[in-house]
Amino acid sequence: MRNDLFLDKNEPVPIDRVDGKAKVTGTATYSAEYKVQNMAYGVLVGSTIAKGRIRTIDIKAAEKAPGVLAVITYENAAKLPGYQAGKDPAKPQATGQPLRIFYDNEIFYYDQPIALVIADTFERVLSAARLVKAQYEKVAHETDLETNLEKAKRPTGPRFEDYKRGESDAYKSAAVKIEQQYYHPIEVHNPMEPGSIIATWESDDKLTVYTKTQGVESTQRSIGDAFKMPPENITVNAEHVGGAFGMALRTWPYEIAAVIGAKKIKRPLKLVLHREQMFTNVGHRPETIQKIGLGATADGKLVGLLHEATAETSAYEEFTEATVNISRFLYACPNVTTRYKLVHLNICTPIWMRGPGEATGSFALESAMDELAHELKLDPLDFRIRNHADSDPEKNLPWSSKFVKECYQLGADRIGWKDRKLAPRSRPEGDWLVGYGMGTGAFGAFRSAATIKAELAPDGKLILQCSVNDMGPGTATMMTTVAAKEMGLPVNKIKVEMGNTTLPPGPTQGGSTVTSSVGAAVYDTCVALKEQIAVLASKEGSPFHTAEVHVIKPEDIEFSESGISLKKDSGVKVSYADLLKQNGLASLELTKESKGSQQPYSMYSFSVHFVKLRVHPATGRIKIDHVVSCADAGTIVSQKTAESQMMGGAVGGLGMALMEDMVVDHRFGRPINNNFADYHVPVNADIPAVDVLFVNKKDPFTNPMGSKGLGEIALVGVAPAVANAVFNATGKRIRSLPITLDKLIET
Amino acid sequence: MSHQKTHEENHPDKGRRDFIKQSSLLTALALAPPALMKAADPGWEAEAPRLLEQPLNIEINGISRKLSVEPRVTLLDLLREQLALTGTKKGCDHGQCGACTVHVDGKRVLSCLSLAVMQEGKKVTTIEGVGTPDNLHPMQAAFIKHDGFQCGYCTPGQVMSGIACIREGHADSDDDIREYMSGNICRCGAYPNIVKAIAEVKKGGKSL
């Protein structure tokens, strides 16, 4: 194996996104856009209460409306075999009983689907859906985390036991200490493509769905569980996914509803969620209240750290995330305690949202680090370097690689950190106050199994197949980059086929694992392919086979578009067409499963985000001047898409820091801003120059390419960088996200 | 037959004659008192929306079309659901995200907030009419070069707005572009690259 893989000096120009032409011309097909004959349209009707039972549901008027084919409710829905057993229908991602749609009359949250109306056109179904009338037996609901904190309980299972290293209250007796509470509201993924599915029963026991998912195989298993069907009878397609950010990491009740509906009408059914339903029915980043206690010696060495988090979950499932875990390993600190609790509320079960848990946790920890640095009168970067963890203090293992100090340096140079004043509110510029802040992010560098089927055709065209799909990061582009480099082929000779359960198994796109898993599988497959080519090249009759040389090794061969030649004698060349022909082969096919192995190292990606911003005290307005995001993500495999992914994470982090907040009216248990006019996400005018910098140093242990994940660390640490910059600008510490102007206005 | 394509109907099962018949019936219905209508034909109600369809002459991507649509059909749903032009996206259906941006008579319009029947005699351009994978519009090429997208779902709307932004004279500075592109949400966060793409096309100086 070459050690300098991807890092050689004459690095080719980063390749454009291979599905770029399809995306910019509107020819990329998303799940609601497949052309299916005789398709009907479905719309879900949601409950208007947040807790209770349906007393009566009147569907007569809807059934009689023009074009209506069926109205499905709990009263008339076919009983799903998987629902009877309980637990397994929608493949539990969390402890509890996943919501069984149309199972009974129980209402657990506002807008929970109570009916599916199906008609022959979209307009007719929209019109008919308004005619469904339900009466309820209301029960007092709970949607307010703050007033229900006394009900907080530790989640089930040993993973959620309190963590303790050293003494639990050590921070309290430290020379310098802080103890503060941090708040994170409900944040909603809101990908631009709404949840959408087309379900078609090809026969009584064969189903095809086009659906928005981050993992076609996981959707296949979930539907199989609900309908008690063998997975091979279900084909799931999701070639293009219009963003997801975690929202499509599980199979939601609306998808099961569409499959139920299609079976009932014996026609293909399309169901697309309204934007309002994207706020209420497909998860969110949970509202979380955190406490940090942090203490250090007078010269800035951490003594003790306490991190507690209480988050909400639904009334029927325990959704958990690693909110407090970042505090266990990010800094060298002898005494650390973390506690994590949940409160059950009448809301849809949350789901991991980009940088799940870690993003919420790092807001608290990295804000607290900044607060303590201020108390210590230390530069926040200097304070962090003094407490740098040279090995993982939680697992007691060396890092597989860690270049956080390099990130500090790169980012500080680019943002102009030397211009930052230690004392807050020291940089007025006209009516504005300028400030600098930084925050650190980390996320586990995982690798899972993936299988690639490769086919090399006589013309040197290489087809790579895997069921993995792409919600945006550029999976096919990454795969193409790896194969082009390994096989010496130009990009246009490589074709990736993916996003379908009929292809060889691949991982779900989540947890920043795809490049490490699928990229490594492509790499391993190419290595195996080259070995096979070498075997063919060694055979008698091959021009490379001479009286002296009987065995050609892959490393002796120069691979190129036109075929192969020997490195030490480029005079003899064989085209792939001739090589295959000589061996009586139409093409060279190879399928290979690839996975990592347990390593005695702690593996994480790291990021450091820097923000320069200005605050207008008279109005409270914040203007972001500059963001610099630095990543230690090992080898950068696909430069262009990696930069974009990092930039996108910074934008998401700015949304989290400055505007995103789903507000629930607790009197009714329903959101009051479930649309893009009232729930603000960053728009173009909110986003300044974003510089992305990579350390780009190979991790020796993660996978053969030496890459680490990028998707999560792109966002983790951005929000505290903003909060810390606001403090540096104004002297005001905002511990409650989002940092809106009402919190900063000075009258 | 290529010439037939230029007169493609959105309901191939229905002829023009049916339509005229329906129109006369519609007039008769409109004049009759509601009670009489119900008594006269209890079955008509189920057919009502179809009867209410109106003729629509519209040019889409340079092709003249004679269509028959219900007044309640939005331009977006006509494009996506009846004409299979799915390049135009539905993100919110409330004019809040810009994914559905098309050009009507050369100006950018949110197709989810436009009723199809209001486009009578107008020229609509969708992303499919801007360029094709083999013949990209300069704006599409610039989006690829600068990686002005990730998932690609908002991209057609961004490209349509980007072209309009230059035509309107709103692309003279990066700040201008940011402001006049703020009706198109990109949740993947490709904004800085979108600005670069539009600025480059503007600098190229071609009339769009």
Side-chain angles (χ1 to χ4, degrees), chain A residues 16-17 19-30 32-33 35 41 66-67 121-124 127 189-194 240-245 272 274-275 470-474 640-641 643-645 647-652 655 675-677 681-690, chain B residues 45-50 70 72-73 77 80-81 84-94 96-97 99 126-128 130-133 136 139-141 143-145 147-156 159 175 177-179 181-195:
Chain A
D16 292 334
R17 220 167 264 270
D19 46 9
K21 283 185 178 178
K23 285 178 174 177
V24 300
T25 56
T27 49
T29 308
Y30 297 82
E33 297 172 349
K35 292 172 188 68
Y41 293 80
T121 74
F122 177 64
E123 290 74 22
R124 284 176 157 188
S127 169
H189 309 65
N190 267 316
M192 295 316 297
E193 178 200 33
H240 292 289
V241 176
F245 317 107
V272 179
H274 303 159
R275 181 53 61 183
D470 182 16
M471 60 172 157
K640 208 166 177 171
T641 54
E643 278 178 15
S644 291
Q645 193 177 12
M647 177 188 288
V651 172
N675 62 75
F676 277 139
V681 300
V683 298
N684 211 319
D686 296 316
I687 302 305
V690 176
Chain B
E45 215 176 357
E47 279 303 304
R50 284 251 185 269
E70 289 180 42
R72 61 183 173 178
V73 174
D77 290 325
R80 281 175 67 84
E81 304 302 335
L85 290 169
T86 53
T88 307
K89 305 300 183 194
K90 184 182 280 192
C92 71
D93 228 5
H94 295 324
Q96 296 168 344
C97 79
T126 71
I127 191 72
E128 290 91 347
V130 166
T132 60
L136 294 174
M139 188 63 79
Q140 292 170 319
F143 265 66
I144 293 176
K145 179 179 167 193
D147 211 30
F149 56 95
Q150 290 178 47
C151 80
Y153 196 79
C154 75
T155 312
V159 169
D175 276 345
I177 294 170
R178 287 190 184 104
E179 188 65 28
M181 287 301 291
S182 281
N184 291 76
I185 298 175
C186 168
R187 196 64 167 140
C188 298
Y191 297 128
N193 291 351
I194 291 169
V195 173

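Residue numbers begin at 1 in each chain, while the letters A, B, ... track the order of the sequences.
Here B/Lys89 pairs with A/Glu33 in a salt bridge; the nearest charged N to carboxylate O distance falls below 4.0 Å. A salt bridge between B/Asp77 and B/Arg80 is absent, with no side-chain N of the basic residue lying under 4.0 Å from a carboxylate O of the acidic one. In this structure, A/Asp16 does not pair ionically with B/Lys145, as no charged nitrogen and carboxylate oxygen lie closer than 4.0 Å.
Residues that satisfy the side chain to side chain contact (heavy atoms under 4.5 Å, CB included) test with A/Gln645, not counting sequence neighbours, are A/Arg354, A/Pro473, A/Leu710, B/Gln150. For A/Val651, the side chain to side chain contact (heavy atoms under 4.5 Å, CB included) criterion is met by A/Pro682, A/Ile687, B/Tyr191, not counting sequence neighbours.
In this structure, chain B has no heavy atom under 4.5 Å from any part of A/His274. Heavy atoms of B/Ile144 lying under 4.5 Å from chain A belong to its backbone as well as its side chain. Neither the backbone nor the side chain of B/Val130 comes within less than 4.5 Å of any heavy atom in chain A. Contact annotation for A/Ala650: neither backbone nor side-chain heavy atoms come within less than 4.5 Å of a heavy atom of chain B. At a 4.5 Å heavy-atom cutoff, B/Leu85 makes no contact with chain A through either its backbone or its side chain. With a 4.5 angstrom heavy-atom cutoff, A/Ala28 touches chain B only via backbone atoms. A/Lys35 touches chain B through its side chain: at least one heavy atom from C-beta onward sits under 4.5 Å away, while N, CA, C and O do not. Residue A/Ser644 touches chain B through both its backbone and its side chain, counting heavy-atom pairs closer than 4.5 Å. Looking at A/Asp470, neither its backbone nor its side chain comes within 4.5 Å of chain B, counting heavy atoms on both sides. Using a 4.5 Å cut-off between heavy atoms, B/Ser182 contacts chain A through both its backbone and its side chain. Using a 4.5 Å cut-off between heavy atoms, A/Met471 contacts chain B through its backbone alone, with no side-chain atom that close.
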Test log, rule side-chain contact (heavy atoms from CB on, under 4.5 Å), inputs B/Arg187 and A/Phe676: CA-CA 11 Å; B/Arg187 196 64 167 140; A/Phe676 277 139; 5.6 Å; no
Check step by step if side-chain hydrogen bond (donor to acceptor under 3.5 Å, both in side chains) holds for B/Glu81 and A/Tyr41. CA-CA 10 Å; B/Glu81 304 302 335; A/Tyr41 293 80; 2.7 Å; yes
How far apart are the C-alpha atoms of B/Val195 and B/Arg178, what are their side-chain angles, what is the distance that settles it, and do they pass the side-chain contact (heavy atoms from CB on, under 4.5 Å) test? CA-CA 7 Å; B/Val195 173; B/Arg178 287 190 184 104; 3.8 Å; yes
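Heavy-atom pairs under 4.5 Å with chain A were tallied for B/Thr126, B/Thr155, B/Asn184, B/Asn193; the largest tally goes to B/Asn193. Counting heavy-atom pairs closer than 4.5 Å to chain A, the top residue among B/Thr88, B/Asp175, B/Asp147, B/Ile194 is B/Asp147. Per-residue counts of heavy-atom pairs under 4.5 Å with chain A were compared for B/Val159, B/Ile177, B/Val73; the largest is that of B/Val73. Ranking A/Val690, A/Asp19, A/Asn190 against chain B, the residue ahead of the rest is A/Asn190, based on heavy-atom pairs under 4.5 Å. Contact count against chain B (heavy-atom pairs under 4.5 Å) is highest for A/Asn675 among A/Asn675, A/Thr27, A/Thr29, A/Val272. With respect to chain B, the highest number of heavy-atom pairs below 4.5 Å among A/Gly26, A/Gly472, A/Ala22 belongs to A/Gly472. Per-residue counts of heavy-atom pairs under 4.5 Å with chain A were compared for B/Ala99, B/Gly189, B/Gly87, B/Cys151; the largest is that of B/Cys151.
Within a 6.0 Å sphere centred on NZ of A/Lys640, heavy atoms belonging to other residues, nucleotides or ligands number more than 12.
Ring geometry for A/Tyr30 against A/His240 counts as tilted: the plane angle lies between 30° and 60°, on a 0 to 90° scale.
Between A/Arg275 and B/Asp93 there is no side-chain heavy-atom pair separated by less than 4.5 Å.
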